[in-house]
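Okay, so here's the structure we're looking at.
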Amino acid sequence: MKLKECLGEDTEVGFISNLCDKIDFVVQSVYPNSYHGYCPKDIARTIRDSVGHNDTEFETLFWKSCNAYSVHDFYLCLERLQSACRKPPFCTLLRSPIFWLDDIAISKWTRAFFLEVRYNVKSIEFHEMLQIIYTSTRRLSGGVTPYVENKVQKRVNKSYNWMARRLYGDTFEVDDNFATSKVQLERRVCSCGKWKKTGIPCGHAIASLRTRTSEAIHEMVDYKFTAFVYRVAFRSELVNSIPSHVHWEIPNERVVLLPP
């Protein structure tokens with residue numbers, strides 16, 4: 001409620017928490033139109049506890065399901081995860097060790113079912129991360145942030161040998177040596193789902209833009225990832241820099257403050 005007083009009523013905000021129904025209830029009560037999801041690391045930890053040991057196969061298959069960009073890829077990965085649970089020594093059980101995963105809404109933990117762009121300029125996970133962002137944005141220059149520049153360059157290198165064929169207008173078909181994806185440049189979407197979810201052109205889109213300059217590729221990046229937007233979002237009057245905890249002054253007499 002205090003957060004709502006600070007951010008206001010109409011602010012787009014999302015919440016990521018551990019597997020706790022009480023948190024979900026409170027979020028929906030205070031921010032009924034916001035997104036609330038579960039931290040995939042917490043789910044992965046619960047899977048390890050359910051299986052009974054650290055099995056890299058289970059964890060790998062879970063993260064592939066969680067990070068799949070398209071619905072088709074998600075269900076393929078999920079089926080592989082469920083199949084792995086039916087193998088020995090788990091096949092003698094009456095039910096899968098991860099049966100509880102079926103009770104969690106898919107939209108709460110997988111990227112493929114997330115409705116809009118997953119992150120934006122103010123996606124902050126940790127206090128230390130905020131401080132790093134604040135410090136680095138004061139030195140930003142150019143069109144896009146260094147993070148996006150690095151992402152784009154990696155996708156340029158990865159898609160170097162991919163074959164793009166124009167179907168009509170700004171629509172292309174791209175063969176990435178494993179599958180074929182359809183790119184619509186004007187709509188800034190690709191059937192792989194990555195461009196829409198991240199706001200950064202995927203390798204298929206970059207392959208379609210192969211004949212254009214790097215500046216033209218940067219223009220296809222979502223506006224919120226530009227250096228200008230980051231400087232505005234994290235300007236000094238909005239973020240108070242906090243020193244490292246080693247410099248904090250700890251009073252001798254401590255007062256316990258109960259929540260309101």
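All values derive from a computational prediction rather than experimental measurement.
Remark: the Asp73 side chain and the Ser70 side chain contain an N/O donor-acceptor pair separated by less than 3.5 Å.
Atom SG of Cys77 is separated from atom NE2 of His72 by 10.0 Å, given to the nearest 0.5 angstrom. Here the straight-line distance linking atom CD1 of Ile16 with atom NE2 of His36 works out to 7.0 Å at 0.5 Å rounding. Taken from OG1 in Thr226 to OH in Tyr223, the straight-line distance is 5.0 Å, to the nearest 0.5 Å. The CD1 atom of Ile206 lies 9.5 Å from the CD1 atom of Ile200; values are rounded to the nearest 0.5 Å. Here Lys224 contributes atom NZ and Thr145 contributes atom OG1; the two are 11.0 Å apart, rounded to the nearest 0.5 Å. Considering OG of Ser65 and CG of Leu81, their distance stands at 5.5 Å, rounded to 0.5 Å.
Considering only heavy atoms from C-beta on, Ile104 comes within 4.5 Å of Leu19 through its side chain.
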Requested in this report: Show your working on side chain to side chain contact (heavy atoms under 4.5 Å, CB included) between Thr60 and Lys64 and close with a plain yes or no.
Outcome: CA-CA 6 Å; Thr60 299; Lys64 285 185 176 181; 3.9 Å; yes

Review point. When you look at Ile23 and Val26, which way does the side chain to side chain contact (heavy atoms under 4.5 Å, CB included) test go after all the steps?
Key: CA-CA 5 Å; Ile23 294 177; Val26 173; 5.9 Å; no

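Ser159 approaches Ala207 most closely through the heavy-atom pair OG-N, 4.3 Å. Cys190 approaches Val183 most closely through the heavy-atom pair SG-CG2, 3.7 Å.
Met163 and Leu185 fall into different hydrophobic clusters, where Ile, Leu, Val, Met, Phe, Trp and Tyr residues are linked whenever their side-chain heavy atoms come under 4.5 Å apart, directly or through other members. Leu209 and Val189 end up in different hydrophobic clusters when Ile, Leu, Val, Met, Phe, Trp and Tyr side chains are linked at under 4.5 Å. Clustering ILVMFWY residues whenever any of their side-chain heavy atoms sit less than 4.5 angstrom apart, transitively, puts Val27 in the very cluster that holds Leu3.
With sequence neighbours excluded, the residues that form a salt bridge (charged side-chain N to carboxylate O under 4.0 Å, His left out) with Arg45 are Asp42. Listed by chain and number, the residues in a side-chain hydrogen bond (donor to acceptor under 3.5 Å, both in side chains) with Glu79 are Ser83, Arg86 (sequence neighbours excluded). Residues passing the side-chain contact (heavy atoms from CB on, under 4.5 Å) test with Phe25 are Ser29, sequence neighbours excluded. Looking at residues two or more places apart in sequence or on another chain, you find a side-chain hydrogen bond (donor to acceptor under 3.5 Å, both in side chains) between Asn157 and Gln153. The side-chain hydrogen bond (donor to acceptor under 3.5 Å, both in side chains) test applied to Tyr69 returns Arg111, not counting sequence neighbours. Scored by the salt bridge (charged side-chain N to carboxylate O under 4.0 Å, His left out) test, Lys108 finds Asp24 as partners (sequence neighbours excluded). Considering only residues two or more places apart in sequence or on other chains, Lys4 meets the salt bridge (charged side-chain N to carboxylate O under 4.0 Å, His left out) condition with Glu9. Take Thr180 and apply the side-chain hydrogen bond (donor to acceptor under 3.5 Å, both in side chains) test, not counting sequence neighbours, and it matches no residue.
Not a single donor-acceptor pair under 3.5 Å links the side chain of Asp222 to the backbone N or O of Phe225. Distance alone, capped at 3.5 Å, places no donor-acceptor pair between the Thr171 side chain and the Leu167 backbone.
Classified by interplanar angle (parallel below 30°, tilted 30° to 60°, perpendicular above 60°), the ring pair Tyr75/Phe113 is perpendicular.
Trp109 pairs with exactly one of Phe74, Tyr35, Trp63, Tyr38 by the ring-ring contact (aromatic ring centres under 6.0 Å, His included) rule, that one being Phe74.
Contacts classified as side chain to side chain donor-acceptor pair (under 3.5 Å) and involving residues 182-191 (residues at least two apart or in different chains) are given here: Gln184-Arg187. Within the structure, the ring-ring contact (aromatic ring centres under 6.0 Å, His included) test picks out the following pairs touching residues 154-182 (sequence neighbours left out): Trp162-His204. Among residues at least two apart or in separate chains, there is no salt bridge (Lys or Arg N to Asp or Glu O under 4.0 Å) pair with a member in residues 243-252. Sorted by first and then second residue, the salt bridge (Lys or Arg N to Asp or Glu O under 4.0 Å) pairs involving residues 145-172 (not counting sequence neighbours) are Arg165-Glu173.
Heavy atoms from other residues, nucleotides or ligands lying under 6.0 Å from CG of Asp103 number more than 12.
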